[in-house]
Participant: 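Handing you this structure, nothing more for now.
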Amino acid sequence: MPAASAIRVMVVDDQTSMRAMIRRALQDFGFKDIRDKASAPEALSAIRTDRVHLIISDYNMPEMDGLEFLATVRKDEALAKTVFIMLTGSSDREVVQKAAALGVNNYLVKPFAPAALKEKIERVFGGLT
């Protein structure tokens, strides 16, 4: 069981309010090192220089969508094993299947309750302490 406080997180969403909501929920779960960016290119640049353990990314973003972001992370040797949870505004099977094929660790359909986010994180990391 990892301590949430030891897990470094990058939240990527073009909506400021969504980033703030996710940050608040993560803080409530005990996460301390939470970074956030409004776009996948910004997030990629940041995590290449300062690695994280967990990426929580929106699917629908300008410049680079969540699937492109996931594919780029998985192709990068240094980042490939980073846990990736995708947020999507729809339960579109095609998006979910593409994300699974690219190696997403979990996904969550918006809107969601903080408890659902915690459950998705714990499915990958185990119970948080």
Side-chain angles (χ1 to χ4, degrees):
M1 285 192 297
S5 61
I7 299 171
R8 294 187 306 273
V9 185
M10 173 62 75
V11 177
V12 188
D13 197 304
D14 56 320
Q15 293 182 343
T16 305
S17 59
M18 184 56 70
R19 289 195 314 272
M21 191 275 293
I22 294 168
R23 175 181 286 275
R24 239 183 341 271
L26 292 171
Q27 287 169 335
D28 289 347
F29 306 152
F31 288 87
K32 304 276 186 241
D33 190 343
I34 307 162
R35 304 107 190 255
D36 65 78
K37 296 291 180 193
S39 74
E42 284 181 303
L44 267 174
S45 176
I47 63 176
R48 282 185 170 136
T49 57
D50 193 8
R51 301 263 314 276
V52 296
H53 302 107
L54 170 62
I55 297 168
I56 299 173
S57 175
D58 187 24
Y59 161 66
N60 190 13
M61 296 183 290
E63 293 181 69
M64 178 187 281
D65 71 24
L67 290 174
E68 293 171 289
F69 182 31
L70 173 59
T72 304
V73 167
R74 291 296 182 245
K75 286 177 191 162
D76 185 315
E77 247 179 68
L79 304 175
K81 299 223 184 299
T82 306
V83 173
F84 199 110
I85 295 176
M86 178 92 61
L87 307 176
T88 176
S90 75
S91 54
D92 181 342
R93 285 185 81 129
E94 189 176 321
V95 171
V96 172
Q97 288 171 338
K98 283 181 182 174
L102 290 169
V104 77
N105 295 92
N106 223 321
Y107 71 93
L108 197 53
V109 178
K110 294 188 210 177
F112 56 86
L117 176 61
K118 184 177 184 188
E119 190 256 331
K120 297 292 185 176
I121 294 169
E122 287 182 331
R123 278 200 184 165
V124 181
F125 285 100
L128 300 171
T129 55

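These values consider heavy atoms only, across backbone and side chains, with no hydrogens, waters or symmetry-generated copies. When a residue number appears, it is its place in the shown sequence, counting from 1.
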Participant: What donor-acceptor contacts under 3.5 angstrom involve side-chain atoms of residues 2-14, with partners at least two apart or in another chain?
Facilitator:
residue	atom	partner	partner atom	Å
Arg8	NE	Arg51	O	2.8
Arg8	NH2	Arg51	O	3.3
Asp13	OD1	Gln15	N	2.8
Asp13	OD2	Lys110	NZ	3.1

Participant: Does the Arg123 side chain pair with the main chain of Asn106, one donor and one acceptor, at a distance under 3.5 Å?
Facilitator: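 Side chain of Arg123 to backbone of Asn106: no pair is present.
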Participant: With a 4.5 Å heavy-atom cut-off, do Asp58 and Met18 have their side chains touching?
Facilitator: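 No; the side chains remain at least 4.5 Å from each other.
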Participant: Rounded to the nearest 0.5 Å, how far apart are NZ of Lys81 and CZ of Arg74?
Facilitator: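 CZ of Arg74 is found 9.0 Å from NZ of Lys81.
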Participant: Looking at CD1 of Ile85 and CD1 of Ile22, how far apart are the two atoms once the value is rounded to the nearest 0.5 Å?
Facilitator: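 Result: 10.0 Å between the selected atoms.
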Participant: Are any non-hydrogen side-chain atoms of Leu102 and Phe84 less than 4.5 angstrom apart?
Facilitator: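 Leu102 does not reach Phe84 side chain to side chain.
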Participant: Starting from the C-alpha separation in whole Å, work towards a yes-or-no answer on side-chain contact (heavy atoms from CB on, under 4.5 Å) for Ile47 and Thr82.
Facilitator: CA-CA 10 Å; Ile47 63 176; Thr82 306; 5.8 Å; no
Participant: Would a 4.5 Å heavy-atom cut-off, applied to side chains only, mark Glu63 and Phe69 as touching?
Facilitator: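 Heavy-atom side-chain distance check fails, nothing below 4.5 Å.
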Participant: Does atom CZ of Phe31 have more than 12 heavy-atom neighbours from other groups under 6.0 Å away?
Facilitator: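 Above 12, so yes.
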Participant: Taking all non-hydrogen atoms of both residues into account, name the closest pair between Gly66 and Met61 and its distance.
Facilitator: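 Shortest heavy-atom contact: N-CE, 4.2 Å.
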Participant: Using the test side-chain contact (heavy atoms from CB on, under 4.5 Å), find all partners of Ala25 that sit at least two apart in sequence or belong to another chain.
Facilitator: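 Once residues adjacent in sequence are excluded, the partners of Ala25 under the side-chain contact (heavy atoms from CB on, under 4.5 Å) criterion are Phe29, Pro114, Leu117.
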Participant: Could you grab the distance from atom CG of Leu26 to atom CG of Asp33, nearest 0.5 Å is fine?
Facilitator: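 Output value for this atom pair is 11.0 Å.
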Participant: For the CD atom on Glu77, are there more than 12 heavy atoms of other groups (residues, nucleotides or ligands in this structure) within a distance under 6.0 Å?
Facilitator: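 No - once you tally the heavy atoms of other residues, nucleotides and ligands closer than 6.0 Å, there are 12 at most.
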Participant: Is Leu108 close to Ile56 at the side-chain level, that is, under 4.5 Å between some pair of heavy atoms?
Facilitator: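 Not in contact.
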Participant: Could you work out, with side chain to side chain donor-acceptor pair (under 3.5 Å) as the rule, every residue matching Lys120, not counting sequence neighbours?
Facilitator: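 With neighbours one apart ignored, the set is empty.
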Participant: With rounding to the nearest 0.5 angstrom, report the CG to CG distance, Asp65 to Leu70.
Facilitator: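 It comes to 10.0 Å.
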Participant: Would you say that Leu44 contacts Val73 through its side chain, given a criterion of any heavy-atom pair below 4.5 Å between the two side chains?
Facilitator: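 Side-chain contact under 4.5 Å: yes.
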Participant: Side chains of Arg48 and Leu79: closer than 4.5 Å at any heavy-atom pair?
Facilitator: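 Heavy-atom side-chain distance check passes, below 4.5 Å.
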